[in-house]
K.L.:
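What follows is a structure written as structure tokens; I'll ask about it next.
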Amino acid sequence: MLSTITSGVIKGIEGQKVNIETCIGNGLPNFNIVGLASKSVIESRERIRSAIIHSGYDFPHGHITVNLSPASLNKNGSHLDLPIAIGVLSSTLVVNSRKAKAYAVIGELSLSGRIMPIDGVLPLIIAFREAGIKKVILPVRNVKEASMVEGISVIGVKKLEEAIVAINNELSEGDTFPIANYSSERIEECDYSDIKGQEYAKRALVVAAAGKHPLLMIGPPGCGKTMLAKRMPTILTPITNSELLETTIIHSVAGHLNKGSNNLINRPFRAPHHTISRAALLGGGVYPMPGELSLAHNGVLFLDEFCEFDSGQIEALRQPLEDHKIVISRQGITYEFPCRALVIMAANPCPCGFFGSESNECTCTAQEIARYRRRMSGPILDRIDLQLTMQEVRYEDLKFEKIGKDKVLDSETMSSMVSDAVRFSKLEGRDEKCGNISDKKIRDACLLGNLENKFLENAYDRLKLSPRSYIRTLKVARTIADIEQERKVSIEHLAEALGYRCSEYDIGKD
Ligand SMILES: [Zn+2]
């Protein structure tokens, strides 16, 4: 007989409902899966056969045809194992096919009939809810992730047998299997007070956090670049529920949530190594998956040793830094991954790291330095709002604490500067962070007077700014004025913003 089971597939970061029709007819024993199924779905036949037999049920002998519809949609992923197995078993009346209609089913099967966790649960659950489905059967280790979505009942199962029992007894969430709760506790982190003597850099980090401005730190090894970047999540405004959902969807699709780890509870901090592949950084693959840039969505992306990244990857960052999304095309289908991350980069000033250092001598030749700097092209520097030149910490700076504790900025102070600035900007009617605001809006938002315009005009000629860096300077100045809670952008704000643009080393320009 014919049965239909509801399941779904992932397209980019969206879930789509799929119907699995199973028909068992007379004829030679055969097991076919049709409907644009990928190799991994076709391979599931052996797992399904073995799982059904090892769970103590008979595998039907007739001619089995499984059709995945709509046929126009590519179907990939081992999570279709369980729904196909349930489809086969409802065609043989082991599963009540009428009751099965109330459920969507997802899960991977092992040969013994155990149900393995899968990737991309969250977008699938959202798609099921939108399709009006009330109950989902899924691997027990995916329950925590799935229960983030309200308005749909999730039933976690460990074995094929449990899935059959759940359907035949019309179980709902909480009926038989324990459901873990989504935890919302915050993790304790390190603090900016751990770093002494980089107060100028901390100020720039506050500007970066308040306006979501990309930031580059250039300085010798050991000056604290990595420590400064790692503490960034301690000063960002708390993640909102909708941001958390957006980011968790991306992590879910990338398969970061099913390995027994906790759900995201904070803004993500991603720090990929410079040897990372282009696909892993930006996203890609035959069935496109989000890369590190998107995994950092609504959080921080830290690119240490920035000049060591492949020059193609550095160039490829240009578009996402402007548009905050990555677009990948595969076989006529366009996939879009959001990447609204705060990007922080760190680099040494030269291959040995000590060019311009006050305490160590640089051992690089002029050619080596020139080659090293060329990796960071003008166009990418143009898009980096804040460019800091840092020095090693001096002995006097370490004594700050003895002079007075208020001289060392700590995370609490910095974080309230950030949230005050964000609140001020919202009160002024600007919902977007200055780093993301449109070029037209920023001109109006700065409320520049004649003196300020004159000052900018001079700076534009003297510093040979590009039109893009001119606009970016305005954006940074607006954020600085927000931190100072001032409606009008003043010359001081503009001067500070320009100070963040003029890298002493003049990297990238020969
Ligand atoms: Zn050097």
Side-chain angles (χ1 to χ4, degrees), residues 192 194-205 207-208 213-232 270-278 281 292 300-318 321 343-398 463-466 469 498-510:
Y192 271 114
D194 306 339
I195 306 161
K196 304 200 171 60
Q198 294 292 8
E199 307 307 299
Y200 170 69
K202 288 186 196 172
R203 164 79 179 180
L205 287 159
V207 177
H213 298 287
L215 175 136
L216 166 69
M217 294 180 272
I218 304 161
C223 69
K225 301 185 296 271
T226 309
M227 280 177 87
L228 285 163
K230 282 198 170 149
R231 282 155 180 77
M232 194 51 151
R270 308 290 302 180
H273 191 253
H274 59 77
T275 53
I276 189 173
S277 74
R278 190 188 166 104
L281 180 67
E292 287 291 335
V300 179
L301 177 74
F302 177 45
L303 304 172
D304 202 0
E305 309 278 0
F306 188 57
C307 284
E308 302 293 332
F309 277 81
D310 177 78
S311 58
Q313 292 182 352
I314 294 179
E315 288 304 303
L317 286 172
R318 278 159 56 174
L321 275 174
V343 185
I344 301 180
M345 291 145 275
N348 290 338
C350 67
C352 84
F354 293 108
F355 182 84
S357 162
E358 288 164 5
S359 53
N360 286 288
E361 206 166 321
C362 169
T363 54
C364 309
T365 65
Q367 285 105 321
E368 278 172 339
I369 296 174
R371 203 181 312 122
Y372 182 79
R373 291 182 188 176
R374 262 199 296 275
R375 296 200 199 153
M376 228 186 299
S377 71
I380 194 80
L381 277 183
D382 246 12
R383 288 165 170 85
I384 303 173
D385 295 354
L386 307 167
Q387 299 161 19
L388 295 187
T389 302
M390 296 168 63
Q391 279 295 341
E392 286 115 330
V393 178
R394 288 166 306 173
Y395 180 70
E396 302 90 83
D397 296 327
L398 297 175
L463 301 170
K464 297 188 178 67
L465 295 180
S466 68
S469 53
L498 283 169
Y500 296 132
R501 280 217 84 82
C502 318
S503 156
E504 190 189 319
Y505 300 111
D506 216 13
I507 284 201
K509 293 172 194 163
D510 291 321

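By convention here, the first residue in the shown sequence is residue 1. Values in this document were obtained by computation on a predicted structure and should not be read as measured data. When a ligand or atom number is given, it counts from 1 through the structure's own listing order.
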K.L.:
Would you say the side-chain atoms of Lys225 pair up with the backbone N or O of Met390, donor to acceptor, closer than 3.5 Å?
P.N.:
no
K.L.:
Kindly compute the distance separating OH (Tyr192) from CG (Leu205), expressed to the nearest 0.5 Å.
P.N.:
4.5 Å
K.L.:
Have a look around the Zn ion (ligand 1) and list protein N/O/S atoms under 2.8 Å, or say none.
P.N.:
Cys350 SG, Cys352 SG, Cys362 SG, Cys364 SG
K.L.:
State the CG-CD distance between Leu303 and Gln313, to the nearest 0.5 angstrom.
P.N.:
9.5 Å
K.L.:
Salt bridge or not for Lys202 and Glu199, using N-O below 4.0 Å?
P.N.:
yes
K.L.:
State which residues pass side-chain hydrogen bond (donor to acceptor under 3.5 Å, both in side chains) with Glu315; sequence neighbours excluded, sorted by chain then number.
P.N.:
Arg318, Ser377
K.L.:
Atom SG in Cys223, atom CD1 in Ile218: separation rounded to 0.5 Å?
P.N.:
10.5 Å
